[in-house]
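What follows is one structure encoded as C-alpha cells, with my remarks underneath.
Chain letters run A, B, ... following the sequence lines, proteins first, then strands; residues in each count from 1.
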Amino acid sequence: MSEKFDPSQADGRWQRAWDQAQCFAADSNSTRPKSFVLEMFPYPSGRIHIGHVRNYTMGDVLARYKVMTGHEVLHPMGWDAFGMPAENAAIERKVHPGEWTYQNIANMKEQLKRLGFALDWTREFATCDPEYYGHEQALFIDLFEAGLVYRKESAVNWDPVDQTVLANEQVIDGRGWRSGALVEKRKLSQWFLKITDFAQELLSGLDELKDWPDKVKLMQENWIGKSQGLQFTFSLSDGESLDVYTTRPDTIFGASFVAVAADHPVAQKVAEGNAEAQAFIEKCREGGTTAAELETAEKLGFNTGITARHPFTGQDLPLFIANFVLMDYGTGAIMAVPGHDQRDFDFATKYGLPIIRVVAANAADADKPFAGEAEAGDGVCVNSGFIDGMSVAEAKAAVIARAESEGWGEGKTVWRLRDWGVSRQRYWGTPIPFIHCGKCGVVPVPKDQLPVTLPEDVDISIPGNPLVRHPTWKHVNCPSCGGEAERETDTLDTFVDSSWYFLRFASQPADRPFDPQEVAGWMPVQQYIGGIEHAILHLLYARFWTRALKHIGQIDVAEPFASLFTQGMVTHETYKAGDGSWLSPQEVKKEGDDWIHIESGAPVTAGRVEKMSKSKKNVVDPDEIVAQYGADAVRWFMLSDSPPERDLPWSESGIEGCGRFVQRLWRLFSLYDAGASGEDEALKRKLHQAIAAVGEDIEALAFNKAVARIYELASIVDKAAPSASRSEAIATTMLLVSPMMPHLAEEAWHAAGFEGLAAQAEWPPHDPALLVEDEVTIAVQVKGKLRDTLTVSKGLAKDELESLALASEKVQRAVDGAQIRKVIVVPDRLVNLVI
RNA sequence: GCUGCUGUAGCUCAGUGGUAGAGCGCAUCCUUGGUAAGGCUGAGGUCGAGAGUUCAAUUCUCUCCAGCAGCACCA
C-alpha cells in the first residue's frame, strides 16, 4: 500500500471500473427486493452547483447502501431541460436553445461522473428529447379524452414588448422582468388541467404520506385550502340578488353590512351611472398585493346606497364596495360580521357601523363590550334568535340546515386551489398536440403522428413566439376533415415535464410512455430527495399527474413518492466592501476581530451566512474542490457537520479536515494484516455497535450521525493493538465507509487483497449479542448528586449493587453518618441514597 | 396575525429521566525520512430563561424569550 491516497488517479480508475462492471444498471427482472431512489433531476443550466452535490451525495449514499443490503436499486439521472434560460441564452449568444441545452448536459454529466455517483446512466434522458415529449403529448391527449384537459378564456400577464405571457413571478412592480414594459392583463384562450377535480384526494392523500415532512404536508394543505361554510343569497333593494359565502354561518345574526369586491358585477353596475363609484373602483385596483402593503393598507369602502335584506331578521343592511374583498375567492361578496372578524371590525369602526356580539364565552356575557378588536374564538351563540345557546359548531350546522330547508342557501366547500393553466407562449417547451380547425374545432393530433416536434429553423432573437411566425410549421390539414387548419402554437408549462419523469425512469418502452407492469415493480419511489423550494408546485403537480393517470387506468399507484426528504442549502459567509459591492472570501482576510480587503486594506463588513449565489460572490465551484481534495473528501463534507435537512455552512477548514480524515482512514486501512491473530472482545463489541448504528443512521438519512459514528470507530480501531479482531474491524470499516467514500473504499479493499468490488460487497452483518456491553458503569448518588462510580458486570442483583455502593469510601464520606431513608437501585445504571 | 422548526463547548452538531459527547478550532508538548504533514495531552459547557412533576430534569409538562422558515385581507 502506498503511503498516501491519491484521489487524482484513484477516483477515475474506480469510476471506470464501476462503469465496466455495470454495477448500477437496474434490472427490472431481478428477483431481489426493489428500491427506487430518486433525487430531483437538475435543470441543465451549464454547471453543477454545490447544492446539487449535496443533494446527489445523499441519494447516492442511500442507493449504495441499498445495493450492499441486497436490493435491486434504481437510481437514475436525467435532465429537466425545457425552459426559459435556454431561450435567454439563445438571445444573448445567438445559439439554438437545443444546442445550448445539450452542450450543458454533456458538461454537467462529466461533472457528476467525477463525483462517483452510483447512477444508472443507461436510463438517462432529457425532457427536451422528442422521444420523451412525444410520450408526454400522448399522455396529454389521454387526459384530454378523459375530460381532465380543457380550454378557457383566462386573464394573463401580457408583456407587450416581448410579446409573451409572463408568469406571476416574472412581473415585478407591474412591469415585465426583462423588458421593463408595463404588463397588461389580457384575455387569452388557455389550456387547463383539472387539478381541482382531485382537490379532495390530494388533500386526504397527505394523511397516508407518513414519511413526508410535516412542513411540506402543511404547505400543501394550505395551498389546497379547503374551507367549509354556507353560500346564500341576499335580496337587494334594487330588485337583484347577491350570493355571498361564509365559513361562519353561526355568526349570521351579527351581520351589520354586506360588501362586494371592486370587480364584482354589482359594483360594476353601480359604477355605470356613478363617477364617484367608478373612481373608487379605480383606486382599489391600484392597491398593491404584497404582504407588507396588505398589512398596512387601510380598509376602504364605498356605500352604494343599495341595501340587502337579512334572511332571518329582515333588517336592511347597507351594501358597500370594499377594497379588502377579493373577487377570486368564494363569490367575491361577503356578509360582514364586525364582532367576530378583524377586517370587518376595522371597517365597521371606520364607517360607524354596528358591532354586534353574537358569540360569547357564556350566556351571561351576551352584552360584554369588545376590547378594541374582534373575537374569533369559540363560545356559545348569543343575541342570535333560534341558535341562542348553541355552540359554534352546532350553530353552523343549524343555520346551514335552515337555509337549505328554506331554499335560500346551501352548505358549500370552497377551495383555494385553482385549475392548472399549462399554456405558455414560448418556443422551448413541449408543443401542445392539438389542431384548430374552422369546421371541427379543437382536434387532437392522431397518436401515430406524434411526436409533434419543434421546428429547428427558428429565429428566437426577436420578441414573440417563433412558433406563431414560422412560415410553415403551424399550417396543417385537419386530421378530422382534411381541410386547412392550424396547429396550437402554445407549449406546455415545464412543470408538466417533471410531473411524470419518474415513470419514464422506471420503464422505457419505445412505443408508449411506460409499461404498467414494469412501473408497478418500481413505483412508488422509495426515497425522493430534493429542495424545499419544490414543496408545493412540483410535488403537488406530480401527485396530481400520478392520480390522474391512475384515474384513467394507466397505472395502479396513487402516490408517486412514498418518502420525501427535503435537504437544506449549502451556505457561505458573505462580505461587502464599503461601496456595497460583494467580495469573494478569497479577497478578504481577518485581522484581529475585523475583516479587511486584502488588496486595498479597506475595512470589509462580514455579512450574513447565506445560500451560495453568484451575485453574492460566495460560491464554491464543485470541480475545483474535487480537483483539490478528491471526490471522497467533498462527499464526506457534504454529509458531515449539519443534519441533512438543515443548512450546511461551507468552510475551508471543514473541507480540509475531511481531506485529512480521508488520509487518516487510508493509514488505518493500511494496517490491515490478514495474518494477525488474537481476539479483542472489547473491539468486537464496538465494531458491531458501529455496524448496527451506521446502518440505522443511513436508513434514517441521518448521515451526519453515521459520520460521527465512523469518526468514533476509526479512533477506537486506531488505538487497538494488532489482532485478528482488529484486522476484521479494519476490513469492515472499509465497507462501512464505502457508500460515503466509495473511491477510498475500493482502493483499500483492493489493496487489502479482497476479491470483487467494495461497491458490490455485502453490507457487514452485525451480531445482536455483541451490541450490549458485558460490563457497565454504575453511578452512585447521594441525594441525587454523583459521588462515585462502580464498574461491575452486567446484570448484577440489586442488593449486591446496594452493598457495593455502601462500601464506597467516597459515599460514606458524603453520607457522613446521616440516616439513609431510602435507596433507589436501577440495575445496570445507578444507586441513589436518599438521606 | 396564523402555522411549523430550532436553542447543548469558540464553530457545526450528536446524545440522555441517573457519569455531558464528536468533528473542526484553540493551547501544550513530541516527531522533523508519513512533512505544504503526523502524533500525545489538555483547556473549554448554569444543555436559551423560569416554574412544575420526580429520590433525581439538559431530557417529561407548562409559560416565556430569541432565531429561522412557510402562509396570509381566503370571508
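The side chain of A/Arg343 contributes an N or O atom lying less than 4.0 Å from OP1 or OP2 of B/rC74. For A/Arg667 and B/rU35, the shortest distance from a side-chain N or O to OP1 or OP2 is not below 4.0 Å.
When the nucleotides B/rG23, B/rC55, B/rC13 are ranked by their closest atom to the side chain of A/Asn832, B/rC55 comes out on top. Of all nucleotides listed (B/rA75, B/rG70, B/rG4), B/rG70 comes nearest to the side chain of A/Met219. Nearest nucleotide to the A/Tyr711 side chain, out of B/rG23, B/rC74, B/rC73: B/rG23.
Among the protein residues, A/Leu326 comes within range of the nucleic acid bases, having at least one heavy atom under 4.0 Å from a base atom. Contact annotation for A/Ser640: no contact, since no heavy-atom pair falls under 4.0 Å across all strands. Counting any heavy atom pair closer than 4.0 Å across all strands shown, A/Tyr245 reaches a base atom. Contact annotation for A/Val325: base contact, defined as any heavy-atom pair under 4.0 Å involving a base atom.
Across the P atoms, B/rC47 and B/rG38 are found 35 Å apart, a figure rounded to whole Å. Comparing the P positions of B/rC26 and B/rG10 gives a spacing of 15 Å, expressed to the nearest Å.
Place A/Asp214 and A/Cys658 on RNA chain B by their nearest nucleotides, and A/Asp214 ends up nearer the 5' end. For the pair A/Gly330 and A/Ala708, both in contact range of RNA chain B, the more 5′-proximal nearest nucleotide belongs to A/Ala708.
Not a single donor-acceptor pair, N or O on each side, falls under 3.5 Å between the base of B/rC13 and the side chain of A/Lys705.
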